[in-house]
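Working notes, structure below.
So that the names make sense, note that chain A is the first sequence line, chain B the second, and so on, each numbered from 1. Only heavy atoms go into these numbers, but all of them, side chains included; no hydrogens, no water, no symmetry mates.
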2 protein chains.
Amino acid sequence: MSLRHAILVLLQDQEASGYDLAREFANSIGLVWNATHQQIYLELGKLNEQDMVKYRHIPQDGKPDKKLYRITEAGRDELIRWLRKPAAPPRIRDAFMVKIAGGALSEPSAVLRELEDQADLRRERLSTFEELAQALSERNSEKDTYTYLTLRRGILDQRAWLSWADEVRAELRKREDLPTSA
Amino acid sequence: MSLRHAILVLLQDQEASGYDLAREFANSIGLVWNATHQQIYLELGKLNEQDMVKYRHIPQDGKPDKKLYRITEAGRDELIRWLRKPAAPPRIRDAFMVKIAGGALSEPSAVLRELEDQADLRRERLSTFEELAQALSERNSEKDTYTYLTLRRGILDQRAWLSWADEVRAELRKREDLPTSA
DNA sequence: TATTGCTGCGCAATCCGTTGAATAAGTAGT
DNA sequence: ACTACTTATTCAACGGATTGCGCAGCAATA
């Protein structure tokens, strides 16, 4: 349960609205933790009650008003406290992998089709991450090290997935056009 | 929400009790989806209500009675239907990665310590998977192909993580003993 | 002109998941 | 003899997460 901490990490160096955070969860931090806007607004509400964040109300015209949140001392303390204690290993929940495990029930060609869809996604992410990492490493500021390392994780992960996909492709093509064993 | 489907996949070729399934979730399929026994019993209850599975009540002496579940026609249909429709991309929730992203607040030495703990876990898993994959590829039966591919995924994943860890180590050692930028 | 999309916030219902506990009897170890 | 673990199932409470909906107005596109 550390959506709260992911939010606090993001608020560490910027003031942001719930909407801003939602966008960041879709991008940068989304690589590491994701959440919908409903969850984020809810959690911001709780964090506010607990004085971990506070906000300024910003009236806008043309657009709806917004609340710009920033982290408080108490929030930073909580974050540091959390950073100190060991994290539980991530729980794994990959529906596509469940499909592979149960793949004997499908036709190889159907599995291959979905594999390619997933591979497209991964390739897209890979190039996004690579571009971002490139940009970061050029202006080599001290502070971005951790963002860079996070991106590297994403990059290595996509590459690993794609080479696994190569293996699956090779394996399934042998079986394609053969009758299903179901 | 496809714990149900993971269960159906497991019941595809064996009759099993909730307890059996729980053990399998801790091992083989746990690599791909995990669940506690409470969840499994609950889901089996629901699946039973919906006639996707049925059970035989087996009285035992010495041990508590058990219910041996098997998949029904309706269950198999549901599974096939699910296999056909594209899977949503997995949601990512990795607390350790959130820590890296917010790492500027911690001391590098603390991050390194936790990195090594995680790395130990990964190395352990890696060798388990490698042994299992080895065993599977020796008795090369048609049917195990999918299990093998699932294991390969686990193997490549652990390796990718470990080489990422090498990068982190190299990067953080530069910063070790330097004052925190917080 | 109608539709879609973006900015921005929020509620309510429901479902999924975790934690903790209870029951019950056998077996293995100190 | 006592403790701990394994087999086997289930309940209760809570909190996290998803889905669906609603409001509101502006900009751009079809």
Choosing from [options], which nucleotide comes nearest the side chain of [X]?
{"X": "B/Arg23", "options": "D/dT7, C/dT7, C/dG10", "result": "D/dT7"}
{"X": "B/Arg91", "options": "C/dG17, D/dT19, D/dA8", "result": "C/dG17"}
{"X": "A/Trp33", "options": "C/dG10, D/dT10, D/dA17", "result": "D/dA17"}
{"X": "B/His37", "options": "D/dT18, C/dT18, C/dA21", "result": "C/dA21"}
{"X": "A/Ser17", "options": "C/dC9, D/dT18, D/dT9", "result": "C/dC9"}
{"X": "B/Leu3", "options": "C/dT7, C/dG17, D/dA8", "result": "C/dG17"}
{"X": "B/Lys67", "options": "D/dG16, D/dT10, C/dG10", "result": "D/dT10"}

Rounded to the nearest angstrom, tell me the gap between atom [atom1] in [X] and atom [atom2] in [N].
{"X": "B/Leu68", "N": "D/dT7", "atom1": "CG", "atom2": "C1'", "answer": "13 Å"}
{"X": "A/Lys46", "N": "C/dC11", "atom1": "NZ", "atom2": "P", "answer": "12 Å"}
{"X": "A/Ile40", "N": "D/dG16", "atom1": "CD1", "atom2": "P", "answer": "15 Å"}
{"X": "A/Arg4", "N": "D/dG15", "atom1": "CZ", "atom2": "P", "answer": "12 Å"}
{"X": "A/Gln38", "N": "D/dT19", "atom1": "CD", "atom2": "P", "answer": "9 Å"}
{"X": "B/Asn34", "N": "C/dT19", "atom1": "CG", "atom2": "P", "answer": "12 Å"}

| message | Quiz question: by atom type and distance under 3.5 Å, do the side chains of A/Arg4 and A/Gln50 form a donor-acceptor pair? | response |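 Yes.
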| Matching residue for B/Glu15 among B/Lys66, B/Lys67, B/Lys54, B/Arg56 - test: salt bridge (Lys or Arg N to Asp or Glu O under 4.0 Å) |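 Looking at B/Lys66, B/Lys67, B/Lys54, B/Arg56, the match for B/Glu15 under the salt bridge (Lys or Arg N to Asp or Glu O under 4.0 Å) is B/Arg56.
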| Taking for each residue the nucleotide of DNA chain D bearing the nearest heavy atom, is the 5' side occupied by B/Lys66 or by A/Thr36? |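 Counting from the 5' end, the first nearest nucleotide belongs to B/Lys66.
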| message | Could you check whether the side chain of A/Gln39 and the base of D/dG16 have a donor-acceptor pair of N or O atoms closer than 3.5 Å, going by distance alone? | response |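 Counting by modelled atom types and ignoring angles, no donor-acceptor contact under 3.5 Å is found here.
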| message | Quiz question: going by heavy-atom distance under 3.5 Å, is there a donor-acceptor pair between the base of C/dG17 and the side chain of B/Glu43? | response |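 It does not, because no donor-acceptor pair links the side chain of B/Glu43 to the base of C/dG17 below 3.5 Å.
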| request: Could you tell me whether B/Arg84 atom CZ has more than 12 heavy atoms of other residues or ligands within 6.0 Å of it? | output: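 For B/Arg84, atom CZ is not crowded (no more than 12 foreign heavy atoms under 6.0 Å).
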| said: Check this for me: B/Tyr41, atom OH, are more than 12 non-hydrogen atoms of other residues, nucleotides or ligands nearer than 6.0 Å? | reply: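 Counting other residues, nucleotides and ligands, OH of B/Tyr41 exceeds 12 neighbours.
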Can a side chain N or O of [X] be found less than 4.0 Å away from OP1 or OP2 on [N]?
{"X": "A/Tyr41", "N": "C/dG10", "result": "no"}
{"X": "A/Lys63", "N": "D/dC26", "result": "no"}
{"X": "A/Arg93", "N": "C/dG17", "result": "yes"}

| said: At 4.0 Å (heavy atoms only), tell me whether A/Gln60 reaches a base, stays on the sugar-phosphate, or touches nothing. | reply: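 Sugar-phosphate contact only - A/Gln60 comes under 4.0 Å of backbone atoms but never of a base.
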| query | Less than 4.5 Å apart, any side-chain heavy atom of B/Tyr146 and any of A/Leu172? | reply |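 Heavy-atom side-chain distance check passes, below 4.5 Å.
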